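In this text the structure is predicted, and so the values were computed from the model without any measurement.
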Amino acid sequence: GYESLVEDDFTALLVHGPELVLLGSGERRRFPHPRLLRSLIDARVGVEAMATRAACRTFNILSGEGRRVVAALIVAR
């Protein structure tokens, strides 16, 4: 879940070469602490936090435009 996110979770996304990472944080938008995003910030990768449903919609639009986007999604049960 959201509370268990660590910096390495975000660092692992860099292997995909994104220009933007969409963080779907569950039922509501939650912002990760900047220290968790250090590797993405250093690599000049944008990060947008939003509810997971919104992240899915946004991913479909951006990937359809040919953008290098990665979605990191937390699915709430």
Side-chain angles (χ1 to χ4, degrees):
Y2 184 85
E3 291 77 18
S4 66
L5 289 172
V6 296
E7 185 175 353
D8 286 344
D9 295 327
F10 293 97
T11 300
L13 301 173
L14 290 172
V15 71
H16 301 290
E19 64 184 85
L20 177 64
V21 170
L22 302 174
L23 173 62
S25 57
E27 291 290 318
R28 62 185 174 89
R29 177 171 47 174
R30 297 170 72 181
F31 297 95
H33 193 282
R35 73 177 145 68
L36 298 177
L37 305 176
R38 177 59 39 210
S39 60
L40 297 175
I41 293 167
D42 291 347
R44 303 182 61 86
V45 173
V47 179
E48 291 290 334
M50 56 190 72
T52 296
R53 289 181 186 189
C56 290
R57 291 190 299 270
T58 303
F59 176 83
N60 288 332
I61 292 167
L62 295 177
S63 63
E65 294 174 350
R67 302 277 302 272
R68 292 186 338 263
V69 60
V70 170
L73 306 173
I74 296 174
V75 179
R77 294 186 181 162

Would you say [X] and [Y] make side-chain contact, with heavy atoms under 4.5 Å?
{"X": "Ser25", "Y": "Phe31", "answer": "no"}
{"X": "Glu7", "Y": "Arg38", "answer": "yes"}
{"X": "Leu62", "Y": "Leu20", "answer": "yes"}
{"X": "Phe10", "Y": "Val47", "answer": "no"}

What distance separates [X] [atom1] from [Y] [atom2], expressed to the nearest 0.5 Å?
{"X": "Ser39", "Y": "Asp8", "atom1": "OG", "atom2": "CG", "value": "8.0 Å"}
{"X": "Arg57", "Y": "Met50", "atom1": "CZ", "atom2": "CE", "value": "9.5 Å"}
{"X": "Ser4", "Y": "Asp9", "atom1": "OG", "atom2": "CG", "value": "7.0 Å"}
{"X": "Leu23", "Y": "Leu73", "atom1": "CG", "atom2": "CG", "value": "8.0 Å"}

Donor-acceptor check, side chain of [X] to backbone of [Y], threshold 3.5 angstrom: yes or no?
{"X": "Thr58", "Y": "Ile61", "value": "no"}
{"X": "Thr52", "Y": "Ile74", "value": "yes"}
{"X": "His16", "Y": "Pro18", "value": "no"}
{"X": "Arg68", "Y": "Gly17", "value": "yes"}

Given the rule that I, L, V, M, F, W and Y join up when any side-chain heavy atoms are under 4.5 Å apart, are [X] and [Y] in one cluster?
{"X": "Leu13", "Y": "Leu36", "result": "yes"}
{"X": "Leu5", "Y": "Val45", "result": "yes"}
{"X": "Ile41", "Y": "Leu22", "result": "no"}

> Do Arg29 and Glu48 meet the salt-bridge criterion of a basic N to acidic O distance under 4.0 Å?
Replying inline: no
> Is any NZ, NE, NH1 or NH2 atom of the basic residue among Glu19 and Arg67 found under 4.0 Å from an Asp or Glu carboxylate oxygen of the other?
Replying inline: yes
> What are the two closest non-hydrogen atoms of Gly24 and Ala55, and how far apart are they?
Replying inline: CA-CB, 3.8 Å
